[in-house]
Amino acid sequence: MPFKSIALSLVTALTLGFGVSAQATVYTSTNVPVTICDVCDVSSSLAITSHSTITDLNVLLNNLTHTWDGDLLISLIAPNSTTVVLSNRRGSSGDNFIGTVFDDEASTAVGNSAAPFTGALNAEELLSVFDGMDAFGTWTLRVQDLASADVGSINSWGLNITSTTQNVPEPGSLALMGLGLAGLAATRRRKSV
């Protein structure tokens, strides 16, 4: 194999080693069930223990029960305290959020839907505010019951996060690649002398 081809192969491998990869991961809260008491403020947490840059985030309210959804103000709070309102007193006397996915790409807004809330919906505020953030840390689903006479429960919720991670080769791999390039250069010099 000619010197230029070998050198190009090594440089290409080195460049690809520093690439960026994207993947979607679902994180589910283990801090459930949480009772939504009458006229109170409750929350459930979800810990993400790895670092990655968010490119898209959807909130999954798999099972949140309440006998009068119009009482509820539901928000997602990021580890850095950035807060997005998902639903602000929507649904009137209807019950529950079952299989609800808050997604910026949905075609229906939560305000144009009816309880029980199911399927993909736009939140009250854009979830894209989280794009570019590190996913690492404790995320919080906050539910505020703002009127009397009804109760419920946060039974299951999670986050579907598409994120990118920077692929950085291990130092040993970089050292071996450097030695390979140095060896090629030395071989090239010997042949040209």
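We count residues from 1, following the sequence as given. Side-chain atoms are counted along with the backbone in the values below, which use heavy atoms only and exclude waters and symmetry mates.
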Is there a donor-acceptor contact under 3.5 Å from the side chain of [X] to the main chain of [Y]?
X	Y	value
Arg89	Gly70	yes
Thr118	Pro116	yes
Asp69	Ala115	no
Thr162	Thr55	no

Report the C-alpha separation of Ser153 and Asn155 in whole Å, then their side-chain angles, then the decisive distance to 0.1 Å, and conclude whether the side-chain hydrogen bond (donor to acceptor under 3.5 Å, both in side chains) test is met.
CA-CA 6 Å; Ser153 179; Asn155 298 305; 2.8 Å; yes
Using side-chain hydrogen bond (donor to acceptor under 3.5 Å, both in side chains), reason through Asn58 and Asn160 one step at a time and then give a plain yes or no.
CA-CA 5 Å; Asn58 298 329; Asn160 184 345; 5.4 Å; no
Please round to the nearest 0.5 Å and tell me the distance separating atom [atom1] of [X] and atom [atom2] of [Y].
X	Y	atom1	atom2	answer
Glu124	Ile74	CD	CD1	9.5 Å
Thr100	Leu60	OG1	CG	9.5 Å
Asn31	Ser44	CG	OG	4.0 Å
Asp131	Leu127	CG	CG	8.5 Å
Thr53	Phe130	OG1	CZ	15.0 Å
Asn88	Glu125	CG	CD	8.5 Å

Worked check of side-chain hydrogen bond (donor to acceptor under 3.5 Å, both in side chains) between Thr140 and Ser43
CA-CA 6 Å; Thr140 304; Ser43 62; 5.7 Å; no
Mutual orientation of the aromatic rings belonging to Phe102 and Phe97 [parallel < 30°, tilted 30-60°, perpendicular > 60°]:
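Tilted.
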Go through the steps to decide whether Ile48 and Thr25 satisfy the test side-chain contact (heavy atoms from CB on, under 4.5 Å), and finish with yes or no.
CA-CA 11 Å; Ile48 296 179; Thr25 307; over 6 Å; no
For residues [X] and [Y], report the shortest heavy-atom separation together with the two atoms involved.
X	Y	result
Ser87	Val110	OG-CG2, 4.0 Å
Thr164	Ala22	CG2-CB, 4.0 Å
Ala135	Pro79	O-CG, 4.4 Å
Ser45	Trp157	C-CZ2, 3.9 Å
Asn96	Thr65	OD1-CA, 3.1 Å
Ala147	Asp71	CB-OD1, 3.4 Å

Are any non-hydrogen side-chain atoms of [X] and [Y] less than 4.5 angstrom apart?
X	Y	answer
Met133	Leu57	no
Ile154	Ile36	yes
Leu141	Leu61	yes
Tyr27	Ile161	yes
Asn63	Ile98	yes

Single-linkage hydrophobic cluster, 4.5 Å side-chain cutoff, [X] and [Y] together:
X	Y	answer
Leu64	Val42	yes
Ile54	Val101	no
Phe117	Leu73	no
Val34	Trp139	yes

Among Leu86, Val85, Val143, Val84, exactly one meets side-chain contact (heavy atoms from CB on, under 4.5 Å) together with Ser75. Which residue is that?
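Going through the options one by one, the only one that passes is Val85.
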Starting from the C-alpha separation in whole Å, work towards a yes-or-no answer on side-chain contact (heavy atoms from CB on, under 4.5 Å) for Thr83 and Leu76.
CA-CA 6 Å; Thr83 302; Leu76 179 68; over 6 Å; no
Show the numbers, then the answer: is there a side-chain contact (heavy atoms from CB on, under 4.5 Å) between Asp145 and His66?
CA-CA 9 Å; Asp145 186 328; His66 194 272; 2.9 Å; yes
Step by step, would you call Asp150 with Thr67 a side-chain hydrogen bond (donor to acceptor under 3.5 Å, both in side chains)?
CA-CA 6 Å; Asp150 292 277; Thr67 52; 2.6 Å; yes
